[in-house]
Amino acid sequence: PVVALADRTPVSIRETPISIRGFSSGFRPWDLAYLRHRYVQEPELVKPIRIAHISDTHLGYRALGKTDPVTGRNQRSIDVENAFEAAITDILQRDVDLVVHAGDLFNQTRPPYAAIGAAMRQFRRLEEAGIPTVVIGGNHDTPRLRSSGSVFSLLRLVAPKTYFAGGYETEIVPFPELDLTVTAIPHGRLTEPIPPAAFPNPDTRNLLITHGFVPGLEPLTHREPGEEDVDETLLPPDFDYIALGHYHVRSQPRPNAWYAGSTERFGFGDMPVETGYLIVELCEPGSEPKVSPVSIEARPMLRWRLDEAL
């Protein structure tokens with residue numbers, strides 16, 4: 001073992017004769033115990049951090065013909081906005097250090113004004129609470145043509161403290177105050193001909209965010225046009241946590257990788273969805289993440305047979 005004496009000089013107990021309180025270098029067990037207690041510098045412990053992992057909020061979604069009697073808007077659109085607001089309200093009570101949104105913030109690349117306003121209000125709440133947030137683009141809200149631009153460019157103006165990665169490149173977001181490096185791989189990057197690569201920062205804890213389908217999962221319905229598979233190279237075990245989006249059922253496809261699920265149900269393929277998000281606690285680098293599901297109430301979805309309803 002190596003110890004540091006009063007002058008901070010490292011000394012090897014095996015190689016250097018030293019005396020303690022008049023005792024010679026022939027250490028007795030209690031002498032060594034005293035030396036360790038008096039002089040050994042314990043390594044500084046890494047502070048645990050709490051992360052809220054949310055995904056697939058699909059703001060701007062609309063379905064069925066029912067309208068809200070007060071606003072005249074589609075009722076399901078309002079349901080989706082209310083679910084997102086409920087999730088953020090809950091997150092604000094959980095003492096989290098970071099929020100990550102793993103894609104499909106919006107249901108389309110050109111969301112309606114009401115959906116943009118709903119997103120603005122919730123991200124401003126997080127900013128006012130001093131909680132940093134990282135959002136990546138999903139297959140629903142990533143433009144097919146680069147030249148058409150993204151709604152994320154507008155959100156950057158109204159929520160400047162929130163990091164939006166909605167393009168076609170891998171983006172590295174450091175959080176030195178959290179001893180954390182976030183690798184953000186949006187859906188657009190998965191569409192490129194050269195597959196992305198992910199390399200953890202050896203000096204910090206590491207979190208990867210991406211949006212796609214992990215092969216081996218059971219599709220809820222048919223595969224969506226434009227969706228991308230998450231290659232095994234993007235599920236490396238040396239990342240402390242991998243935050244996935246796209247699959248609406250909360251699940252754990254790898255020991256360090258989780259889908260948060262969705263905050264609402266979108267079509268009958270989402271019947272098994274338990275709406276909500278995840279709280280993730282990261283401790284020492286390389287340690288297993290502690291993941292706690294948080295359920296958020298949403299409108300129930302029921303399936304009735306016609307002959308049973310008559």
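Everything numeric here is computed off the predicted structure, so don't read it as measured data.
- Atom CZ of Arg124 has 12 or fewer neighbouring heavy atoms from other residues, nucleotides or ligands inside a 6.0 Å radius.
- The minimum heavy-atom distance linking Leu234 with Ile185 is given by the pair CD2-CD1, 3.7 Å.
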TODO: Begin with the C-alpha distance, continue with both residues' side-chain angles, and end with the deciding distance and a verdict on salt bridge (charged side-chain N to carboxylate O under 4.0 Å, His left out) for Lys47 and Glu284.
DONE: CA-CA 8 Å; Lys47 177 187 175 184; Glu284 295 287 334; over 6 Å; no
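- A donor-acceptor pair is defined here as one N or O able to donate and one able to accept, closer than 3.5 Å; no such pair exists between the side chain of Asp56 and the backbone of Thr263.
- Phe152 and Leu154 end up in the same hydrophobic cluster when Ile, Leu, Val, Met, Phe, Trp and Tyr side chains are linked at under 4.5 Å.
- Ion pairing between Glu232 and Arg254 holds under the 4.0 Å rule for side-chain N and carboxylate O.
- The shortest heavy-atom contact between Thr133 and Leu98 is N-CD1, 4.3 Å.
- The distance between the ring centers of Phe164 and Phe123 falls below 6.0 angstrom.
- From Lys290, atom NZ reaches atom CD1 of Ile279 across 14.0 Å, with rounding to the nearest 0.5 Å.
- Of all the heavy atoms in Ala102 and His211, the pair that sits closest is O-ND1, 2.8 Å.
- Remark: Thr162 OG1 to His101 NE2 distance equals 11.5 Å, nearest 0.5 Å.
- Looking at Thr191 and Glu228, their side chains never bring a donor and an acceptor atom within 3.5 Å of each other.
- Rounded to the nearest 0.5 angstrom, Ile116 CD1 and Arg110 CZ are separated by 9.5 Å.
- Side chain of Ser153 to backbone of Val151: no donor-acceptor contact under 3.5 angstrom is found.
- At least one donor-acceptor pair under 3.5 Å links the side chain of Asn256 to the backbone N or O of Pro236.
- Glu274 has no carboxylate O lying under 4.0 Å from a charged side-chain N of Arg265, or vice versa, which leaves the two without a salt bridge.
- To the nearest 0.5 Å, atoms CG (Asn201) and CD1 (Ile172) are separated by 9.0 Å.
- For the pair Asp141 (side chain) and Leu105 (backbone), a donor-acceptor distance under 3.5 Å is present.
- When the side chains of ILVMFWY residues are joined at heavy-atom separations under 4.5 Å, either directly or via intervening members, Val135 and Tyr168 end up in two distinct hydrophobic clusters.
- Put simply, Tyr277 and Tyr247 are part of two different groups of oily side chains (I, L, V, M, F, W, Y) that touch within less than 4.5 Å, one to the next.
- Side-chain contact check for Glu171 and Tyr163: at least one donor-acceptor pair (N or O, by modelled atom type) lies under 3.5 Å.
- Using a 3.5 Å distance cut-off with no hydrogens or angles, the side chains of Thr89 and Arg125 do pair a donor with an acceptor.
- With hydrophobic clusters built from ILVMFWY side chains whose heavy atoms lie under 4.5 angstrom apart, Val230 shares a cluster with Ile242.
- Remark: Ile88 CD1 to Ile54 CD1 distance equals 5.0 Å, nearest 0.5 Å.
- In this structure, Val280 is not a member of the same hydrophobic cluster as Tyr259, with clusters built from ILVMFWY side-chain heavy atoms closer than 4.5 Å.
- Here the side chain of Ser77 pairs a donor or acceptor atom with the backbone of Tyr61 at under 3.5 angstrom.
- For Thr67 (side chain) and Asn74 (main-chain N/O), no donor-acceptor pair under 3.5 Å exists by modelled atom type.
- Taking OG of Ser55 as the start and CH2 of Trp258 as the end, the distance is 14.5 Å to the nearest 0.5 Å.
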Open item on the list: Pair Thr170, Thr183 - check side chain to side chain contact (heavy atoms under 4.5 Å, CB included), show working.
Closed with: CA-CA 7 Å; Thr170 297; Thr183 300; 3.8 Å; yes
TODO: With ring-ring contact (aromatic ring centres under 6.0 Å, His included) as the test, would you mind laying out the steps for His58 and Phe84 before giving the verdict?
DONE: CA-CA 9 Å; His58 289 275; Phe84 184 40; over 10 Å; no
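- In Glu177, the CD atom is crowded: over 12 heavy atoms of neighbouring residues, nucleotides or ligands sit closer than 6.0 Å.
- Checked by atom type and distance alone, the side chain of Ser251 never pairs as donor or acceptor with a backbone atom of Pro253 at under 3.5 Å.
- Ion pairing between Glu264 and Arg76 holds under the 4.0 Å rule for side-chain N and carboxylate O.
- Close placement of the Tyr241 and His53 rings is indicated, their centers lying within 6.0 Å of each other.
- Not a single donor-acceptor pair under 3.5 Å links the side chain of Asp97 to the backbone N or O of Ile131.
- Considering Thr142, Leu59, Thr57 as possible partners of Phe106, the one that fulfils the side-chain contact (heavy atoms from CB on, under 4.5 Å) test is Leu59.
- Taking a 6.0 Å sphere around CD of Gln252, one finds it holds more than 12 heavy atoms contributed by other residues, nucleotides or ligands.
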